[in-house]
Amino acid sequence: MRAWSTFAEVCGTASASLIGLLFVAVSIRIDLIAPSQELRNRAAQTLSLFATVLIIAILTAVPGQPIRALGAELTALAITTAGALIVLDRRAKAHASTQTIARALEPL
C-alpha cells in the first residue's frame, strides 16, 4: 500500500477541497436550494460521493494496515454509500422540483 500513499493524499486533498466548494456553492444559492427537497437531496448525494472519496483516501493512507482489514473497510463503506445514495435518490424523485436546475440534474 506504500505505493498508493501519494495518490491517496492527492485524492483526499481534492475531495476535501470539493466538499468545501460544495458548501460555498450551496450557501451562495441557499435561497433556491432550501425550499426544494429534491435539490437538498441532490446536494446530499454530492456530499456523500465526495466524502466517500475522502474516507477511501484516509483508509488507504493508514500506515501498516493489513490488506484484509482495508478490504473489509472499503466493502462496508461501499455498501453504506450505495444505500445512502439509493435513499437520497428516491427522496429526491419523490419531491420533484420545478426549478430549472432540477431538470438539468435529472439522469438521462
Side-chain angles (χ1 to χ4, degrees):
M1 293 310 299
R2 192 176 207 84
W4 288 95
S5 64
T6 303
F7 181 73
E9 290 174 16
V10 170
C11 288
T13 303
S15 63
S17 300
L18 289 170
I19 288 171
L21 288 173
L22 176 65
F23 277 103
V24 170
V26 168
S27 63
I28 287 173
R29 297 305 302 212
I30 196 72
D31 57 327
L32 293 175
I33 295 171
S36 171
Q37 172 125 11
E38 180 185 12
L39 296 179
R40 289 193 314 263
N41 285 314
R42 297 293 179 205
Q45 283 179 316
T46 305
L47 177 63
S48 297
L49 291 170
F50 291 155
T52 300
V53 174
L54 180 60
I55 293 169
I56 290 170
I58 291 168
L59 293 174
T60 305
V62 172
Q65 180 172 214
I67 196 76
R68 289 184 189 262
L70 177 62
E73 292 165 349
L74 293 177
T75 301
L77 179 63
I79 292 168
T80 304
T81 302
L85 291 174
I86 290 168
V87 168
L88 289 169
D89 188 52
R90 286 184 183 162
R91 286 173 57 188
K93 287 179 180 175
H95 302 283
S97 176
T98 58
Q99 302 281 342
T100 307
I101 189 69
R103 283 180 264 146
L105 296 174
E106 297 227 354
L108 298 176

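- In this view, Leu77 and Thr52, Ile55, Ile56, Thr81 satisfy the side chain to side chain contact (heavy atoms under 4.5 Å, CB included) rule, not counting sequence neighbours.
- Placement of Leu47 and Leu39 within a single hydrophobic cluster is found when ILVMFWY residues are connected by side-chain heavy-atom separations under 4.5 Å, directly or transitively.
- Arg91 pairs by the side chain to side chain contact (heavy atoms under 4.5 Å, CB included) definition with Gln37, Asn41, Val87, Leu88, not counting sequence neighbours.
- The CZ atom of Arg90 sits 6.5 Å away from the CD1 atom of Ile86 when rounded to the nearest 0.5 Å.
- Ala72 pairs by the side chain to side chain contact (heavy atoms under 4.5 Å, CB included) definition with nothing, not counting sequence neighbours.
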Run the side-chain donor-acceptor check on residues 15-23: report pairs under 3.5 Å with partners two or more places apart or on a different chain.
unit_1: Ser15; atom_1: OG; unit_2: Cys11; atom_2: O; d: 3.1
unit_1: Ser15; atom_1: OG; unit_2: Gly12; atom_2: O; d: 3.1
unit_1: Ser15; atom_1: OG; unit_2: Leu54; atom_2: N; d: 3.4
unit_1: Ser17; atom_1: OG; unit_2: Thr13; atom_2: O; d: 2.9

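- Sorted by first and then second residue, the side chain to side chain donor-acceptor pair (under 3.5 Å) pairs involving residues 66-80 (not counting sequence neighbours) form an empty list.
- Of all the heavy atoms in Ala8 and Ala57, the pair that sits closest is O-CB, 3.2 Å.
- If you chain together hydrophobic residues whose side chains sit under 4.5 Å apart, Val26 and Leu49 never meet in one group.
- Think of Val24 as one node in a network of Ile, Leu, Val, Met, Phe, Trp and Tyr side chains linked at under 4.5 Å; its network also takes in Ile28.
- Using a distance-only test at 3.5 Å, with no hydrogens or angles considered, a donor-acceptor pair links the side chain of Thr46 to the main chain of Arg42.
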